[in-house]
Amino acid sequence: LLEQKLSLTSQYDYRSKLGWDSLKLDRRSSIPVNDPIMERSYGEFPPTSLDLVLDRAEELLDVYDGGGSDAGTARTIPLTVTDLGSGCGRLCVYMALSRPEYNVQGIEIAEELHEEALEAASRAVQNGPVVTSAHPGTATIPNLSFHCGPAESKPAWLQNSQIIFCYSTVFESSHFDEDIGAMILSEYWNDVLTNHCQ
């Protein structure tokens with residue numbers, strides 16, 4: 001149902017073109033690895049894989065009553081999930097609709113992609129099945145917000161997040177750790193995320 005309502009697959013080419021256009025580059029040009037434009041990239045993560053990631057993240061979080069994670073203990077604190085590098089907003093809209101108990105926010109540095117995210121949320125409201133706002137004349141997805149700008153410039157955007165999702169977001173890294181099979185964040189980004197996130 002969400003696939004049909006959100007046109008997740010059918011509009012991929014359009015979203016990909018927006019991503020490239022936001023870079024303001026000729027697609028045939030090469031980009032040196034140290035070019036600041038490398039902070040921006042465009043890629044899409046499958047919603048079904050996102051569900052697996054979120055389910056696993058919930059298992060790992062210690063947000064249950066009494067600080068424990070005993071089976072059957074109800075969560076009383078709604079999770080705030082932040083998509084850092086939210087692009088056209090499709091995963092944020094998907095999360096907000098498929099997991100209404102979440103507070104979902106997207107942070108995007110490219111203004112063109114941010115504007116498309118706002119449009120995607122608007123289309124989801126127009127196409128239903130979205131609960132409309134209690135305010136007459138407005139219709140929104142009540143558990144969804146989008147922000148435009150560098151995440152590190154607005155610590156408040158990150159400070160209530162329990163889950164940060166980043167896909168195709170380029171962080172400066174210090175090195176590749178073979179033991180864990182991943183890049184290790186630079187000290188700068190490690191500090192930003194450590195100091196501003198739950």
Side-chain angles (χ1 to χ4, degrees), residues 1-25 27 37-58 61 78-133 138-154 156-158 160-171 189 193 197:
L1 177 65
L2 286 176
E3 169 66 34
Q4 293 170 348
K5 293 289 184 182
L6 301 178
S7 303
L8 294 180
T9 303
S10 64
Q11 294 182 355
Y12 174 79
D13 289 340
Y14 170 71
R15 291 189 305 269
S16 181
K17 182 179 178 330
L18 278 176
W20 272 100
D21 290 349
S22 75
L23 296 175
K24 310 218 182 329
L25 291 174
R27 287 185 188 211
I37 200 73
M38 290 299 290
E39 291 181 0
R40 301 179 185 198
S41 61
Y42 189 80
E44 292 198 350
F45 197 80
T48 51
S49 297
L50 178 65
D51 285 329
L52 296 171
V53 169
L54 294 172
D55 290 344
R56 182 65 179 137
E58 279 192 59
L61 284 173
L79 289 176
T80 297
V81 179
T82 299
D83 184 353
L84 192 52
S86 55
C88 296
R90 99 188 208 299
L91 286 183
C92 290
V93 172
Y94 174 80
M95 282 188 282
L97 295 178
S98 65
R99 297 176 185 247
E101 71 279 10
Y102 282 9
N103 293 317
V104 178
Q105 64 177 353
I107 301 174
E108 175 55 50
I109 198 167
E111 194 170 321
E112 300 91 338
L113 300 181
H114 170 73
E115 291 299 322
E116 177 58 27
L118 297 175
E119 289 294 322
S122 178
R123 281 192 304 273
V125 169
Q126 291 169 4
N127 294 337
V130 176
V131 176
T132 58
S133 166
T138 64
T140 62
I141 301 172
N143 60 327
L144 176 62
S145 61
F146 288 107
H147 309 288
C148 185
E152 67 271 27
S153 70
K154 301 282 188 180
W157 292 348
L158 297 172
N160 293 319
S161 299
Q162 289 88 20
I163 298 174
I164 304 258
F165 178 80
C166 312
Y167 178 75
S168 199
T169 298
V170 181
F171 292 108
W189 273 105
L193 296 175
C197 303

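What's counted below: heavy atoms across the whole structure, side chains too, no hydrogens, waters or symmetry copies. Here the structure is a predicted model, which is why all the values come from computation and not from measurement.
Heavy atoms only, all atoms of each residue included: L158 and A151 are closest at CD1-O, 4.1 Å. Nearest heavy atom pair, residue A120 against residue C88, reads CB-O, 3.7 Å. Here the closest non-hydrogen pair linking I109 and C148 is O-SG, 4.3 Å. Across all their heavy atoms, C92 and G106 have their closest contact at SG-CA, 3.6 Å.
Using a 4.5 Å cut-off on side-chain heavy atoms (C-beta onward), E116 and L113 make no contact. At a threshold of 4.5 Å between non-hydrogen side-chain atoms, the residues F146 and E108 do not count as touching.
H147 meets the ring pair (Phe, Tyr, Trp, His ring centres under 6.0 Å) test with W157; sequence neighbours excluded. Applying the side chain to side chain contact (heavy atoms under 4.5 Å, CB included) rule to P100 yields no partners; only residues at least two apart in sequence or on another chain are considered. Among residues two or more places apart in sequence or in another chain, the side chain to side chain contact (heavy atoms under 4.5 Å, CB included) test is passed with S49 by F45, P46. Qualifying side chain to side chain contact (heavy atoms under 4.5 Å, CB included) partners for A96, counting only residues two or more places apart in sequence or in other chains: V104, I141, N143, L144.
Salt-bridge formation is not detected for the pair R90/D83: no Lys NZ or Arg NE/NH1/NH2 atom is positioned less than 4.0 Å from an Asp or Glu carboxylate oxygen.
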side-chain contact (heavy atoms from CB on, under 4.5 Å) between V53 and I163, worked out: CA-CA 10 Å; V53 169; I163 298 174; over 6 Å; no

L193/L84 under side-chain contact (heavy atoms from CB on, under 4.5 Å): CA gap, chis, key distance, verdict: CA-CA 11 Å; L193 296 175; L84 192 52; 4.2 Å; yes

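Judged purely by atom type and a 3.5 angstrom limit, Q105 has no side-chain atom pairing as donor or acceptor with the backbone of T82. Side chain of Q162 to main chain of T80: a donor-acceptor pair is present (N/O by atom type, distance under 3.5 Å, no hydrogens or angles).
From R99, atom CZ reaches atom CG of L54 across 4.5 Å, with rounding to the nearest 0.5 Å.
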